[in-house]
Chemist: 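Take a look at this one; I'll ask things after.
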Amino acid sequence: MTSTARRPPQGGRGDLFDPECPTRGLLDRIGTKWMSMAVKVLAEASPGEVRFAELRRRMPGISQKMLSTTLQGLTRDGLAERRVEPTVPPRVHYRLTPLGLSLEEPLAMVRAWAEEHMAEIDRAIRESGDESGDTP
């Protein structure tokens, strides 16, 4: 971050419309399908922990590398905690922090909206002639 970048005041809110506000980066991180799925699985286990291998089993289609990257992001952002058992091989466990658990409700609402409206979105994509679903 450059010295000219504006951070929200301590304990203050960010401004999504400020191009230099870190809120934009945070939304990029928490807005991914893998982040949403990981938070859901960890929230369902709360206050317990979930092992890395179990997370991978419960998130079909995620690669080991992508799961590792997602969990590193959750941990870095203070949304999850990581605990390693010193065994051979090591057993790695994750659980949501209270901050991470507070993210589950808004993400659940977005997931529910997406599931409820997917047929309409698919229809709009077909009608637009852009079968890729990509935006310009």
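The basis for the numbers below is simple: all heavy atoms, side chains too, and nothing from hydrogens, waters or symmetry mates. Remember, predicted model here, so these are calculated numbers, not experimental data.
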Chemist: Using the side-chain contact (heavy atoms from CB on, under 4.5 Å) rule, take L74 and T97 through it: C-alpha gap first, then chi angles, then the decisive distance, then the call.
Modeler: CA-CA 10 Å; L74 279 167; T97 64; over 6 Å; no
Chemist: With no hydrogens and no angle check, is any side-chain donor or acceptor of T75 less than 3.5 Å from a backbone partner on E81?
Modeler: no
Chemist: As an exercise, state the distance from CG of L107 to CD of E105, rounded to the nearest 0.5 Å.
Modeler: 10.5 Å
Chemist: Which heavy atom of W34 sits nearest to which heavy atom of M66, and what is that distance?
Modeler: CD1-CG, 3.4 Å
Chemist: What distance separates H93 NE2 from E85 CD, expressed to the nearest 0.5 Å?
Modeler: 3.5 Å
Chemist: Are V84 and L79 connected in the hydrophobic side-chain network, where two residues link if heavy atoms are under 4.5 Å apart?
Modeler: yes
Chemist: Is R111 salt-bridged to E115, cutoff N-O under 4.0 Å?
Modeler: no
Chemist: Mind running side-chain contact (heavy atoms from CB on, under 4.5 Å) on R29 and R76 for me, showing each step along the way?
Modeler: CA-CA 11 Å; R29 293 191 304 276; R76 178 199 59 236; 2.8 Å; yes
Chemist: Could you please spell out the steps behind the side-chain contact (heavy atoms from CB on, under 4.5 Å) verdict for L26 and D77?
Modeler: CA-CA 9 Å; L26 177 59; D77 291 341; 4.3 Å; yes
Chemist: Quick one: pull up CG in D122 and CD in E127 and give me the separation to the nearest 0.5 Å.
Modeler: 11.0 Å
Chemist: Between R24 (side chain) and L16 (backbone), is there a donor-acceptor pair under 3.5 Å?
Modeler: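 The answer is yes, because a donor-acceptor pair under 3.5 Å joins these two groups.
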Chemist: Atom CE of M35 and atom CG of L103: how far apart are they, to the nearest 0.5 Å?
Modeler: 8.0 Å
Chemist: Please test M37 against I62 for side-chain contact (heavy atoms from CB on, under 4.5 Å), starting from the C-alpha separation and ending with a verdict.
Modeler: CA-CA 10 Å; M37 290 170 79; I62 194 167; over 6 Å; no
Chemist: Roughly how far, to the nearest 0.5 Å, is CG of L96 from CD of E44?
Modeler: 10.5 Å
Chemist: Under a 4.0 Å threshold between the charged nitrogen and the carboxylate oxygen, would R123 count as salt-bridged to E120?
Modeler: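 No salt bridge links E120 with R123.
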Chemist: Just by distance, do the side chain of S46 and the backbone of G48 share a donor-acceptor pair under 3.5 Å?
Modeler: no
Chemist: Can you check whether Q64's main-chain N or O pairs, donor with acceptor, with S68's side chain at less than 3.5 Å?
Modeler: no
Chemist: I'd like to know if the side chain of S128 reaches the main chain of I125, judged simply by a donor and an acceptor atom lying under 3.5 Å from each other, with no hydrogens or angles considered.
Modeler: yes
Chemist: Closest approach of A43 and E104, non-hydrogen atoms and distance?
Modeler: CB-CG, 3.6 Å
Chemist: Could you pull out the closest heavy-atom pair between L71 and Y94, with the gap in Å?
Modeler: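 Reported closest heavy-atom pair: CD1-CE1, 3.6 Å.
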Chemist: Give me the atom names and distance for the closest heavy-atom approach of A38 to T70.
Modeler: CB-CG2, 4.1 Å
Chemist: Give me the atom names and distance for the closest heavy-atom approach of G14 to C21.
Modeler: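 Minimum heavy-atom separation between G14 and C21: CA-SG, 3.7 Å.
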